[in-house]
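The structure under discussion appears below in the form of structure tokens.
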There are 2 protein chains.
Amino acid sequence: MLKGTLEGCVLEIIGAEETYGYAITRRLNDLGFTDVVEGTVYTILLRLEKNGLVQVTKRPSEVGPPRKFYALNEAGREELATFWAKWEYITSRIAKLKEGGS
Amino acid sequence: MLKGTLEGCVLEIIGAEETYGYAITRRLNDLGFTDVVEGTVYTILLRLEKNGLVQVTKRPSEVGPPRKFYALNEAGREELATFWAKWEYITSRIAKLKEGGS
DNA sequence: TACTGCTACATCGTATCACTGAGTAGTGAC
DNA sequence: GTCACTACTCAGTGATACGATGTAGCAGTA
């Protein structure tokens, strides 16, 4: 039902700013998703790339191995909008359920 | 990350009133979770029973096969409280992410 | 009595998501 | 030269929820 929530979060982060896997993991950790680890994020990124939702650019880093920067393309922005719409819907339904609504 | 959300919804429904699988499915459908089907609900109910979160009572029905009524036990109520706490946490984090917060 | 339709429960198989854990590599500091 | 941090990859895995199907009780009707 809510599968792909973390994927949506990653899309949102990429949509706000072109960034790379390691930084996305740190950002999620800072946001409070403390148990999200790199392995998880990279599998999501690879899936996004495979599904053609992102544009990938490899750039050298001054402090380590080269980074793969991700940016949303048109399909990615549509997917992100779809995700938020779905998220709003589900959360509103669950809120309704919680307050005993019919 | 959000695994068990539907399970939490089912727990909430059972917690509000002792009820049975078919009725839970109808309730979820009425609430807007239109694509939740019986098979999904029954697997959740069997899991709840297996994990010792519910008390099950079989009662005859006047309009069909006997019904298995489910009620929360103490462990179930604790699980439900845990679920809502987790849900609040996750939704607040995602809201923060959406509005561009750090 | 045969059928149709609704209620009600059960289960097998499966797609996908996210996690675990391990590995590889570059840079800089001590 | 070893440690720490940065950075990416991948194989294996568990769990969730969905799809599809099957079984069965009851009621109406023709």
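Each chain gets a letter, A, B and so on, in the order the sequences are listed, and its residues count up from 1. Note that these values count all heavy atoms, side chains included, but never hydrogens, waters or copies made by symmetry. On a predicted model such as this, the values are computed, not experimentally measured, just so you know.
- Between Arg26(B) and dA8(C) there is no side-chain polar atom (N or O) within less than 4.0 angstrom of OP1 or OP2.
- With respect to the salt-bridge test (charged N to carboxylate O, under 4.0 angstrom), the residues Glu17(B) and Arg27(B) do not qualify.
- Here the nucleotide nearest the side chain of Pro65(A), chosen from dA7(D), dA10(C), dA8(C), is dA7(D).
- Distances shorter than 4.0 Å separate some side-chain N or O of Arg47(A) from OP1 or OP2 on dC17(C).
- Two residues, Asp35(A) and Glu62(A), neighbour DNA chain C, and the one matched to the more 5' nucleotide by heavy-atom proximity is Asp35(A).
- Rounding to whole angstrom units, CZ of residue Phe33(A) and P of dA18(C) are separated by 12 Å.
- Between dA7(D) and Ser61(A), a contact under 4.0 Å exists linking OP1 or OP2 to a side-chain N or O.
- In this structure, NZ of Lys68(B) is placed 16 Å from P of dG25(D), rounded to the nearest angstrom.
- OP1 and OP2 of dC8(D) both lie 4.0 Å or more from every side-chain N or O belonging to Lys58(A).
- A straight line from CE of Met1(B) to P of dC17(C) spans 13 Å, rounded to a whole angstrom.
- Straight-line distance from the CD atom of Glu49(B) to the P atom of dT11(C): 11 Å, rounded to whole Å.
- When the P atom of dC6(C) is taken as reference, atom OH of Tyr22(B) falls 9 Å away, rounded to whole Å.
- Where Val36(B) and Phe69(A) meet DNA chain D, the nucleotide closest to each residue was compared, and Phe69(A) sits on the side nearer the 5' end.
- Proximity of Tyr70(A) to Leu11(A): side-chain heavy atoms (C-beta onward) are nowhere separated by under 4.5 Å.
- In this structure, the CG atom of Asn29(B) is 15 Å from the P atom of dA17(D), given to the nearest Å.
- Side-chain atoms of Tyr89(B) and Phe33(A), non-hydrogen and from C-beta on, never get closer than 4.5 Å to each other.
- The CG-P distance, from Leu48(A) to dA18(C), rounds to 10 Å in whole Å.
- OP1 or OP2 of dC19(C) lies within a sub-4.0 Å distance of a side-chain N or O belonging to Thr40(A).
- In this structure, Gly39(A) reaches the bases: a heavy-atom distance under 4.0 Å links it to at least one base atom across the strands shown.
- Across the protein-nucleic acid pair, Leu28(B) atom CG and dA8(C) atom C1' stand 16 Å apart, rounded to whole Å.
- OP1 or OP2 of dC9(C) has at least one side-chain nitrogen or oxygen of Tyr42(B) nearer than 4.0 Å.
- Within the structure, a side-chain polar atom (N or O) of Tyr20(A) is placed less than 4.0 Å from OP1 or OP2 of dA7(D).
- Within the 3.5 Å criterion, the main-chain N or O of Tyr22(A) finds a donor-acceptor partner in the side chain of Tyr42(A).
- Closest approach to the Ile44(B) side chain among dT7(C), dA7(D), dA17(D) is made by dA17(D) (side chain taken as heavy atoms from C-beta onward).
- Of the possible polar contacts, none joining the Asn51(A) side chain to the Leu53(A) backbone as a donor-acceptor pair under 3.5 Å is found.
- A donor-acceptor contact under 3.5 Å is formed by the side chain of Glu38(B) with the base of dC9(C).
- A residue-by-residue look at Thr43(A) and Val63(A) shows that Val63(A) has its nearest nucleotide of DNA chain D further toward the 5' end.
- Between atom CD of residue Glu38(B) and atom CZ of residue Arg26(B) there is a gap of 5.5 Å, rounded to the nearest 0.5 Å.
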